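The model shown is predicted, which means the values in this text are computed figures rather than measured ones. Here is how names work: the chains are called A, B, and so on, in the same order as the sequence lines, proteins then strands, and each is numbered from 1.
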Amino acid sequence: MTQAKQTTNVFSPWLNRDNKPLIKFENITKKFGDFTAVENFNLEIYEKEFFALLGSSGGGKSTVLRMLAGFEQPTSGKIWLDGEEISNTPPNERPINMMFQSYALFPHLNVWDNIAFGLKRTKKRMASSDIKARVEEMLRLTQLEKFASRKPHQISGGQRQRVALARSLAREPRLLLLDEPLGALDKKLRQETQFELMDIQEKTGTTFVIVTHDQEEAMTMASRVAVMDNGKLLQVDTPNNVYEAPNSTYVANFIGDINIIEGEAKIDAEGLLSIHYSETAAPIQTENTNNQIHDGQSVSFAVRPEKIWIAKEQDVSLPNNVKGLIVDIAYLGNLSIYHIKLESGQVISAQMTNILRTGQQEFTWDDEVWLNWNDTAGIVLTR
Amino acid sequence: MNNRSLSWFNTTSLVLGFAFLYLPMLILIIYSFNSSKLVTVWAGFSTKWYGELFQDEQFMQAAWVTLKVGFFSATAATVLGTMAAYALVRTKKFTGRALFSGMIFAPLVMPEVITGLSLLLLFIAIDLDRGILTITLAHITFSMCFVSVVVSSRLTSFDKSLEEAALDLGCTPFDAFKSVVLPIIMPAVASGWLLAFTLSLDDLVIASFTAGPSSTTLPIKIYSSIRLGVSPQINALSTIMIGIVTVFVITASIISKQSIKKYESEKIRANL
Ligand SMILES: Nc1ncnc2c1ncn2[C@@H]1O[C@H](COP(=O)(O)OP(=O)(O)OP(=O)(O)O)[C@@H](O)[C@H]1O
Ligand SMILES: [Mg+2]
């Protein structure tokens, strides 16, 4: 049994120190004039990963991708692919392909010729029968057989997106870069395409690096997520860890909703951690997972809305209970988000799944409620 | 904007303006079909001057020179002008870039007499016999600027990611230009060629500086025969030239308009 479990182990090559990364950024800095777009960037990406670069606008995501593709050269530092330095290799000599945000399909060529474009320019010349076979394989993979002879302006946005994907996959790159590939699609098509992309990534076994500023998209698709802000890498981890254990308030805020309460850490004689955030309210009891915290340090306590339990009564089985007043309710169908004003002034959001179908909510505006949460619900952040 | 009809004032100015522009040409065209030898007396419709024109050795010689010069200078100017435009629009900022682009466009406003004179001095200095070659070279220098203006205005709206995609898919920079950029900007290049050809066909001043005795172009021929008095043949010849130039200019503008329209609609569709 245990053996079977090991072989079906979740994909996590970054945990094994013996694994060689496919891509390695070593102290990469990129400046445009005086402006530093990417600063001291270190990152390793492994074969077959679906790696997402996430961050706010202007954070430097596209710049990182463009350095991988070869359109920009790093100002300092080195980029390695398979142990070979590629920092200054021109784009046409890298086994890397990119799918552009605007798709960048060649308007004068039809779908077939767009896909064949890169195949006609391989280092080792491909026989035309091989090119034909490969194009047809790509058309099948992306379900574009019917549109082979159409020009890019004669197909829909979603189809164009698939042509762009087929074209960039045709050369069997070691690494596929996708810069906001789904940005131009509507929500439904985007979700469908997300699954298609994951499917195709699995089928082809290609390593994907995707840029997005949609955190949900990153969480859905990626094996690991890197969060960037202002050219700096803040955190690299699995979607689950980034969500449950963000390392900074920026990351916590960026990925999903979170309540942040600022206060002072107190560590008692038994080593238990509590956060004092108001003179009148009882301190927050929380697990001390971060051993860096010392007594008296000012910290932020972060807790996700879905980890707070709203009740009419105080739930004494949980260590944290605070009284508050409901000031706002957002009904989202499957769940409702309540904004509760504590007596100490903070507004906390808490989330409840709508189990009943009647539309009748248990709580309403101006209700006095208790917020209860466990000492494992939140996380203490020092930056 | 619901009052779309022109006001009385606007109509008058339009009519006057167009009359001013086109009446002389219209008269010239009408008189080219005059059967009388006297230019100012109308004596009935006839196409005999056209027939005589084609019999005239000298005119045909001049026409041939003009076409050759037009073809070769337009072709060379298109190649050079496109290359210059591409270099100026695409290359990353280099020192003196503003100076270079200024210098490309300066000949547009340079008085033709000066261009012609300086070229003449150059040809004398390097001891180049004046003839078809010198006219062609002279025409290349000034029509190249026009081509590069037309092409660079298209290139500035060219989506750079298309080029990057080509490089990404294994093209060398030259291959990317040849296989992606050039086919897409072809309409602009073609209308640049037509423009250069028309300019060469039109030119009198620079051609008279740089032409040799054996290489008279049509404008020079027309100008010198006018000195001996206006002949109906000249009217016929001018009418043909007006026809050719009109066709070329209209074609060029249709080509560029259509490509702009197509480009816009593709851009709109792409953003859906
Ligand atoms: N060629 C350039 N010249 C000067 N500055 C640039 C250049 N390219 C990018 N920048 C700057 O570098 C910073 C990072 O840009 P980048 O495109 O990498 O951001 P991004 O994270 O992809 O943002 P978005 O989510 O908006 O696409 C931005 O402030 C941008 O203005
Ligand atoms: Mg970007």
Side-chain angles (χ1 to χ4, degrees), chain A residues 32-33 62 65-66 68-73 90-109 113-126 151-161 164 167-171 173 176-177 179 183-186, chain B residues 82 86 89-98 151 154-192 255-272:
Chain A
F32 294 107
S62 297
L65 220 60
R66 291 171 59 79
L68 270 179
F71 302 135
E72 307 282 0
Q73 271 74 46
N92 53 321
E93 285 166 26
R94 299 185 184 200
I96 295 176
N97 282 123
M98 176 143 168
M99 190 183 141
F100 290 81
Q101 179 169 13
S102 56
Y103 307 147
L105 298 179
F106 304 128
H108 59 298
L109 300 178
D113 287 324
N114 261 288
I115 298 174
F117 190 91
L119 298 173
K120 292 176 181 161
R121 290 165 174 82
T122 46
K123 256 194 211 131
K124 253 199 303 165
R125 266 195 165 286
M126 275 176 86
K151 289 274 181 72
H153 67 273
Q154 295 166 326
I155 54 179
S156 76
Q159 289 156 355
R160 238 174 278 156
Q161 187 263 350
R167 186 180 71 177
S168 50
L169 276 174
R171 280 164 64 98
L176 183 73
L177 310 172
D179 195 350
L185 306 181
D186 65 58
Chain B
T82 307
Y86 187 69
V89 173
R90 270 297 172 266
T91 38
K92 289 188 184 144
K93 288 210 173 93
F94 56 90
T95 16
R97 183 187 150 154
V151 174
R154 174 66 184 87
L155 277 175
T156 40
S157 66
F158 189 90
D159 184 1
K160 191 151 192 279
S161 59
L162 288 176
E163 264 174 278
E164 287 178 344
L167 294 175
D168 190 61
L169 293 165
C171 283
T172 58
F174 176 72
D175 191 14
F177 178 77
K178 194 194 72 185
S179 320
V180 173
V181 181
L182 199 55
I184 299 173
I185 64 166
M186 207 50 197
V189 174
S191 60
I255 289 177
S256 58
K257 248 202 206 111
Q258 274 185 345
S259 75
I260 287 171
K261 250 199 212 147
K262 203 173 135 206
Y263 175 73
E264 295 282 313
S265 71
E266 275 168 20
K267 227 165 90 175
I268 290 166
R269 294 226 40 189
N271 287 338
L272 274 184

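If you measure heavy-atom distances from A:Leu109 to chain B, you find no contacts under 4.5 Å at all. Neither the backbone nor the side chain of B:Ala176 comes within contact range of chain A, judged by heavy atoms closer than 4.5 Å. Neither the backbone nor the side chain of A:Arg94 comes within contact range of chain B; no heavy atom of the residue lies under 4.5 Å from a heavy atom of that chain. Only the backbone of A:Ile96 has a heavy atom closer than 4.5 Å to any heavy atom of chain B.
You'll find the side chain of B:Glu164 reaches within 4.5 Å of the side chain of A:Arg66, heavy atoms only. Side-chain contact check for A:Pro90 versus B:Leu167: every heavy-atom pair is 4.5 Å or farther apart. Annotation: side chain of B:Leu169 is in contact with side chain of A:Phe106 (closest heavy-atom distance under 4.5 Å). Counting heavy atoms from C-beta on, the side chains of B:Leu162 and A:Pro107 come closer than 4.5 Å.
For the residue pair A:Ser102 and B:Ser161, the shortest heavy atom distance occurs at OG-OG, 3.3 Å.
No side-chain donor-acceptor contact under 3.5 Å links A:Arg121 and B:Thr172.
A side-chain donor-acceptor contact under 3.5 Å links A:His108 to the backbone of B:Ser179. Checking side-chain atoms of B:Asp168 against main-chain N and O of A:Ala69 turns up no donor-acceptor pair under 3.5 Å.
Interface summary for chain A: among B:Cys171, B:Pro183, B:Pro173, the most heavy-atom pairs under 4.5 angstrom belong to B:Cys171.
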